[in-house]
Amino acid sequence: MSHVAERENALDVKTAFSSLGLDYQSRVLVIGLGKTGLSVTRFLSSLNLKVAVVDSRPAPPELGTLRELLPDVAVFTGGFSSHAFKAATHLIVSPGVSLEIPEIKAALMRGVELISDVDLFACVARAPVIAISGANGKSTVTCLVGAMAEADDKKAGVGGNLGTPALDMLRDDIQLYILELSSFQTERTRLLEPSAATVLNISPDHMDRYSGVEAYAEAKRRIFNGSGVMVLNEDDELVAAMARSGRDCRWFSTRPESRADYRLETINGEEWLLACGEPLLRGSEVRIKGRHNLANALAALALGDAMGFARSSLVRALKQFNGLDHRMQWVAEQGGVTWINDSKATNIGACVAALEGLQGAAVLIAGGDSKGADFSLLAPVAEKKLRAAILMGRDAGLLEVHLGKVVKTVRVENMKQAVAAARTLAQPGDTVLLAPACASLDQYKDYQERGRIFVEQVRVQVV
């Protein structure tokens, strides 16, 4: 239980949540019983607010935990109970649930208030917040900034879309919160005003939930609410357009000609990371590999500077940070072929970034649920970088339409077959890269399971 919850008798709920219209007469309906839904329900229940939960799934993932912890909370599963919606004064919709669901739209039309877990957090958090979003790299940057805070002897809470939900991090001893926020979270957040925030990049993602990439970018832009430091990617047109006059904007770039605050520069034949003109460390000293991870490192440096971390702490963290599983994770090298697990590359932008960061030719394993993406955007880099593409999953056929025009393609049914095909196609000096450019839920529980199975098959068939 959070320290805020433990102080429930001291917390004036009506005052704390006045901007959300919450008081002890409110009836809050939590929609979706995953990690976020569970955290919201626990938090509100600890404050003696009236709360119920609804989930369209017969057995949502946190149902057992909720019933064990809070047996008296009403839970409606296997559909959306009209009775629950009619009784509600407020809705908290979990990030993975669309606001276009008819029952939700009807409730909002009746004047039911929509609030978010991040806004609840913003009402009671007592420490500064760093907020991080972007189509790709946000988990890496969130954890890297967390490592920088630790190196600087700061007690930080690290979570949000990554790992621990925001409300579960609330503690009196936290000096800094570092939140990863998805577009589904930023679009529903109006009270959070971070001390420093970044949107790392924009590329088409979740096009099944947004009308276009501009609408997706607009959802991300809300992370810059307030007057905190804006950390912006000079190389991304949609991100650069988010800059606001009168704000402290700090820019990062990997382009050779850039004069951004945080950039790369060649000094005596070696590439260095610069912060406001000061060479901090060689690019070769950054453990996380790939050009896109140098951009992530620069963004993290900018955020650390914005919060006043010692430069020595920033450098130490960059030299020690090994990256995250399923994000350009080195798996094996055998017969001159390197095997890389980037299962977290669930959209085209992430796949392109992974390919562009590789040396030599690649054999790509891709496919899954496209989420409405336009795979023609993948063809130019595929033509330059790929020896072959091995395609699997629900939308393998859509990928083949575009990639089949520029490289050899092979269709397979599962990861075992994909690794076997890659062994046959890869040549010494090549990289076999799992970077699906798609979500995983058509075949796997999540991208972690997809990555684990890839690693297992590599170890069985290759090592």
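Because the structure is a prediction, the values reported are computed rather than measured. Residue numbers run from 1 in the order of the sequence given.
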For this session: Please assess Ser376 against Asp374 for the test side chain to side chain donor-acceptor pair (under 3.5 Å), listing each intermediate value before the final yes or no.
Result: CA-CA 6 Å; Ser376 66; Asp374 178 5; 2.7 Å; yes
For this session: Start with the C-alpha distance between Thr198 and Phe252, add both sets of side-chain angles, then the distance that settles side chain to side chain contact (heavy atoms under 4.5 Å, CB included), and finish with yes or no.
Result: CA-CA 10 Å; Thr198 187; Phe252 67 93; 4.1 Å; yes
Problem set entry | CA sep, side-chain torsions, deciding dist, call: Phe321, Thr140, side chain to side chain contact (heavy atoms under 4.5 Å, CB included) | CA-CA 10 Å; Phe321 184 69; Thr140 294; 4.1 Å; yes
Problem set entry | Derivation of the side chain to side chain contact (heavy atoms under 4.5 Å, CB included) call for Arg126 and Asp172 | CA-CA 8 Å; Arg126 296 180 178 177; Asp172 286 338; 4.3 Å; yes
Exercise. Given the rule in the side chain to side chain contact (heavy atoms under 4.5 Å, CB included) test, do Arg221 and Arg244 qualify, once you have shown the distances and angles that lead to the verdict?
Worked result: CA-CA 11 Å; Arg221 186 192 61 78; Arg244 297 179 188 171; 2.8 Å; yes
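In this structure, the side chains of Tyr262 and Val231 stay at 4.5 Å or more apart for every pair of heavy atoms. No side-chain heavy atom of Val337 sits less than 4.5 Å from a side-chain heavy atom of Thr431. Annotation: side chain of Met307 is not in contact with side chain of Met148 (no heavy-atom distance under 4.5 Å). The closest side-chain heavy-atom distance from Leu192 to Val129 is below 4.5 Å. Side-chain contact between Lys138 and Lys220: present, with at least one pair of heavy atoms (C-beta onward) separated by less than 4.5 Å. Counting heavy atoms from C-beta outward, Leu200 and Asn233 have side chains that stay 4.5 Å or more apart. Using a 4.5 Å heavy-atom cutoff, the side chains of Ser182 and Gln185 are in contact. No side-chain heavy atom of Ser343 sits less than 4.5 Å from a side-chain heavy atom of Phe454.
The structure places CG of Asn347 at 9.5 Å from SG of Cys438, a figure rounded to the nearest 0.5 Å. Atom-to-atom distance recorded for Arg188:CZ and Leu114:CG is 7.0 Å, nearest 0.5 angstrom. Separating the OG1 atom in Thr15 from the CG atom in Leu22 is a distance of 12.5 Å, to the nearest 0.5 Å. Taken to the nearest 0.5 Å, the CG atom of Leu433 stands 11.0 Å off from the CH2 atom of Trp339. For the atom pair Glu150 CD and Lys155 NZ, the distance stands at 9.0 Å (nearest 0.5 Å). Rounded to the nearest 0.5 angstrom, Lys385 NZ and Leu364 CG are separated by 12.0 Å.
Of the charged side-chain nitrogens involved, at least one lies within less than 4.0 Å of a carboxylate oxygen, so that Glu234 and Arg255 count as a salt-bridged pair. Look at Arg263 and Glu257 and you find no salt bridge, because none of the NZ, NE, NH1 or NH2 atoms lies under 4.0 Å from a carboxylate O. Ion pairing between a basic and an acidic side chain is recognised when a charged N comes within 4.0 Å of a carboxylate O; Asp430 and Arg387 show such pairing. Taking the charged nitrogens against the carboxylate oxygens, Arg459 and Glu456 have no contact shorter than 4.0 Å, which rules out a salt bridge.
With Cys351 as reference, Leu378 is the one residue of Leu378, Leu377, Asp342, Thr346 to meet the side chain to side chain contact (heavy atoms under 4.5 Å, CB included) rule. For the side chain to side chain contact (heavy atoms under 4.5 Å, CB included) with Leu238, the lone residue among Asn201, Val199, Ile202 that qualifies is Ile202.
For Asp395 (side chain) and Asp369 (main-chain N/O), no donor-acceptor pair under 3.5 Å exists by modelled atom type. Between the side chain of Asp236 and the main chain of Val239, a donor-acceptor pair closer than 3.5 Å is present. For the pair Asp442 (side chain) and Arg394 (backbone), a donor-acceptor distance under 3.5 Å is present. Side chain of Glu449 to backbone of Lys445: a donor-acceptor contact under 3.5 angstrom is found. Remark: side-chain polar atoms of Thr409 are not paired, donor with acceptor, to backbone N or O of Ala389 under 3.5 angstrom. Here the side chain of Ser116 pairs a donor or acceptor atom with the backbone of Asp119 at under 3.5 angstrom. Not a single donor-acceptor pair under 3.5 Å links the side chain of Asn341 to the backbone N or O of Val331. Of the possible donor and acceptor atoms, none in the side chain of Asp152 sits under 3.5 Å from a partner among the backbone N and O of Lys154. Of the possible polar contacts, none joining the Asp305 side chain to the Ala302 backbone as a donor-acceptor pair under 3.5 Å is found. Using a distance-only test at 3.5 Å, with no hydrogens or angles considered, no donor-acceptor pair links the side chain of Arg42 to the main chain of Leu69.
Side-chain atoms of Ser139 and Arg327 include a donor-acceptor pair closer than 3.5 Å.
Closest non-hydrogen pair, Gly304 versus Leu314, comes out as CA-CD2, 3.9 Å. Nearest heavy-atom pair, Ser253 versus Leu298, reported as atom, atom and distance to 0.1 Å: O-CD1, 3.3 Å. Of all the heavy atoms in Gly451 and Leu434, the pair that sits closest is CA-CD2, 4.3 Å. Taking each heavy atom of Ser183 and Tyr216 in turn, the nearest pair found is OG-CE1, 3.5 Å. Shown here for Leu403 and Ala382, the closest heavy-atom pair between the two residues is CD2-CB, 3.7 Å. Considering every non-hydrogen atom in both Leu303 and Val145, the closest pair reads CD1-CG2, 4.0 Å.
With a 6.0 Å radius and a threshold of 12 heavy atoms from other residues, nucleotides or ligands, Lys416 has its NZ atom at or below the threshold. Atom NZ of Lys35 sits in a sparse spot, with 12 or fewer heavy atoms from other residues, nucleotides or ligands closer than 6.0 Å. Under a cut-off of 6.0 angstrom, the local environment of CD in Glu271 is crowded, with over 12 non-hydrogen atoms contributed by other residues, nucleotides or ligands. No more than 12 heavy atoms of other residues, nucleotides or ligands lie within 6.0 Å of CD in Gln359, so this atom counts as exposed by the packing criterion.
Looking at residues two or more places apart in sequence or on another chain, you find a ring-ring contact (aromatic ring centres under 6.0 Å, His included) between Tyr177 and Phe121.
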